[in-house]
Novice: 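Could you have a look at this structure, given as structure tokens, before my questions?
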Amino acid sequence: MATVDIAQLRKSYGHEEVIHGVDLSIKDGEFVSLIGASGCGKSTLLRMVAGLESISSGTIALNGRVINDVAPKNRDIAMVFQNYALYPHLTVAQNMGFSLKLRNVPTAQIRAEVEATAEFLGLKPYLERYPKALSGGQRQRVAMGRAIVRKPQVFLFDEPLSNLDAKLRVQMRIEIKSLQKRLGTTSIYVTHDQMEAMTMSDRIVILNGGRVEQAGAPLDVYDRPANLFVATFIGSPAMNLFDGVLAREGDKVFADIEGARIALPAAVEAASGTRIVLGVRPEHLSLGNSGSDEGTFPFEVSLIEPTGAESHIYGRSGGTDMILAMAGRSPLDAGDRVRLSADPALLHLFDKQTGKRL
Ligand SMILES: Nc1ncnc2c1ncn2[C@@H]1O[C@H](COP(=O)(O)OP(=O)(O)O)[C@@H](O)[C@H]1O
Ligand SMILES: [Mg+2]
């Protein structure tokens, strides 16, 4: 059982504040990812939870008890680092049992715990090897094993897969997720990789410059990004954005953008004349309704990127860059001019001035 409650957390290095009042409550057993660009404060936030960085103000509570002044070794929290931080002169078994040895756990018990965890992680054949004789994925698993052996209340992961090649990264993200589900240990996972965050997490927290932009279940964030930052950060290829103006005609609502008038769901509340940004995901566009141009985006194709499973089709709509993602082979070629349409229910509308979702 472990909950983590972060309240109004701030961190300054000298006069420069890098974490600006973060609030975040993590439920028992939850897998939460902190995601954001390099330098946005992910590691700093995680290290504050681990006790490796001091807290400038605010509180971190574990199971309702504030731990701001509790030493790292007494927090019962285990951290897995990007570089694994294994001891090169110790075997896999010694690396995994190291924290238990520090706690003076009897040798026979350490051996039993290490073997059980090695079994669980498929590391049994490697227990007597040294880290230099392991592959990247095996080292990563030893680092996980070292954390698991401690049976901590909370796991913290700081970009643990960044040093692995693409294929192994996918395999390890599945392993870590199923491991966490089996153990049920509350986990905070830091990554700059949105695909990792989306696929592994119960909840993602999008950080930007030391502030939380949005927190929510991955698909809720994808479906309803709270602002323009999140709209363009989550989703790949990124959401298309069009500057425009909201228009009303009777009970109908439209977005007037360059070269098109796009129908919006009637429930939109903003006033006529509001300056807006209209968003549409590349995967929600399809080749337009034949005959009428009404309600469709003009599109001139400039470049096709085939990926095999899908095609990313780049071009311009009016004066704006636009990407269309289609399953399989592209039916379009560079130079083609077509119309594209999208289900109004899948369009996103933001206030141009505040960037907030309307
Ligand atoms: N020890 C430090 N001294 C001064 N500034 C630091 C220190 N550690 C991190 N920072 C700054 O804090 C910000 C957040 O860093 P970090 O948490 O490492 O970002 P991330 O992990 O998201 O890439 C960055 O601007 C970084 O330069
Ligand atoms: Mg970092």
Side-chain angles (χ1 to χ4, degrees), residues 4-24 26 31-60 67-69 71-72 75 77-86 136 139-140 143-144 146-147 152 154-166 168-169 172-173 176 180 186-201 203-216 218 221 225-236 238:
V4 178
D5 292 287
I6 296 171
Q8 277 306 301
L9 196 68
R10 289 175 189 273
K11 174 72 184 177
S12 300
Y13 290 110
H15 292 300
E16 198 192 345
E17 191 175 86
V18 297
I19 301 287
H20 309 285
V22 165
D23 293 299
L24 179 64
I26 300 170
F31 192 116
V32 171
S33 287
L34 307 178
I35 176 166
S38 180
C40 73
K42 305 180 294 295
S43 294
T44 302
L45 195 51
L46 204 67
R47 292 169 61 81
M48 287 161 89
V49 176
L52 303 173
E53 288 291 348
S54 64
I55 292 169
S56 301
S57 70
T59 56
I60 299 176
I67 54 169
N68 286 33
D69 298 322
R75 288 190 183 197
I77 288 174
M79 188 148 166
V80 178
F81 298 91
Q82 175 176 349
N83 59 10
Y84 320 138
L86 300 178
R139 279 181 213 163
Q140 171 48 235
M144 293 277 300
R146 193 174 49 179
V154 180
F155 285 132
L156 305 178
F157 299 93
D158 194 353
E159 312 226 16
L161 306 184
S162 296
N163 291 350
L164 305 179
D165 63 53
L168 194 55
R169 224 159 40 219
M172 288 302 298
R173 93 182 177 218
I176 293 178
Q180 193 270 344
T186 307
S187 298
I188 310 178
Y189 188 99
V190 159
T191 179
H192 64 274
D193 181 334
Q194 59 143 324
M195 196 56 89
E196 246 170 64
M198 291 290 284
T199 52
M200 296 176 80
S201 319
R203 207 144 51 99
I204 59 177
V205 178
I206 295 101
L207 286 175
N208 177 23
R211 288 190 174 80
V212 174
E213 292 279 355
Q214 187 171 7
V221 173
N227 53 49
L228 282 168
F229 181 86
V230 176
T232 49
F233 193 81
I234 297 296
S236 178

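Just follow the structure's listing: the first ligand is 1, and inside any ligand the first atom is 1. On a predicted model such as this, the values are computed, not experimentally measured, just so you know. Count residues from 1 along the sequence.
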Novice: Report whether any nitrogen, oxygen or sulfur of Ser43 sits less than 2.8 Å from the Mg ion (ligand 2) (N, O or S, backbone or side chain).
Specialist: yes
Novice: For atom 23 (O) of ligand 1, which of Cys40, Gly210, Gly39, Gly209 has the closest heavy atom?
Specialist: Gly39
Novice: Out of all atoms in ligand 1, which are within 4.0 Å of some heavy atom of Ser38? Include the element for each.
Specialist: 23 (O)
Novice: Looking only at distances, please establish whether an N/O atom of ligand 1 is found under 3.5 Å from an N/O atom of Glu16.
Specialist: no
Novice: Would Gly41 count as being in polar contact with ligand 1, using the rule that some N or O on each side must be under 3.5 angstrom apart?
Specialist: yes
Novice: Give me the residue, atom name and distance of the protein heavy atom closest to atom 18 (O) of ligand 1.
Specialist: Ser43 CB, 3.9 Å
Novice: Please identify which atoms of ligand 1 are closer than 4.0 Å to at least one heavy atom of Thr44.
Specialist: 14 (C), 15 (O), 16 (P), 17 (O)
Novice: Less than 4.5 Å apart, any side-chain heavy atom of Ser54 and any of Lys11?
Specialist: yes
Novice: May I ask you to decide if the ring planes of Phe233 and Phe229 are parallel, tilted or perpendicular, using 30° and 60° as cut-offs?
Specialist: parallel
Novice: For atom 5 (N) of ligand 1, what's the nearest protein heavy-atom neighbour? Residue, atom name and distance, please.
Specialist: Tyr13 CD1, 3.2 Å
Novice: Below 30° counts as parallel, above 60° as perpendicular, anything between as tilted: where do the rings of Phe157 and Tyr189 land?
Specialist: tilted
Novice: Can you see which heavy atom on Asn68 is nearest to which on Arg75, and at what distance?
Specialist: O-NH2, 3.3 Å
Novice: Are there protein heavy-atom neighbours of atom 12 (O) of ligand 1 below 4.0 Å?
Specialist: yes
Novice: Less than 3.5 Å apart, any donor N or O on the side chain of Asn227 or Gln214 sitting next to an acceptor on the other?
Specialist: no
Novice: Quick check on side chain to side chain contact (heavy atoms under 4.5 Å, CB included): which of Leu24, Ile26, Leu45 does Ile188 satisfy it with?
Specialist: Ile26
Novice: For residues Ser187 and Gln180, report the shortest heavy-atom separation together with the two atoms involved.
Specialist: OG-CG, 3.3 Å
Novice: State if Gly36 counts as touching ligand 1 under the rule of any non-hydrogen atom under 4.0 Å.
Specialist: no
Novice: Are the side chains of Gln82 and Asp158 in contact, using a 4.5 Å heavy-atom criterion?
Specialist: no
Novice: For atom 7 (C) of ligand 1, is the nearest protein heavy atom closer than 4.0 Å?
Specialist: yes
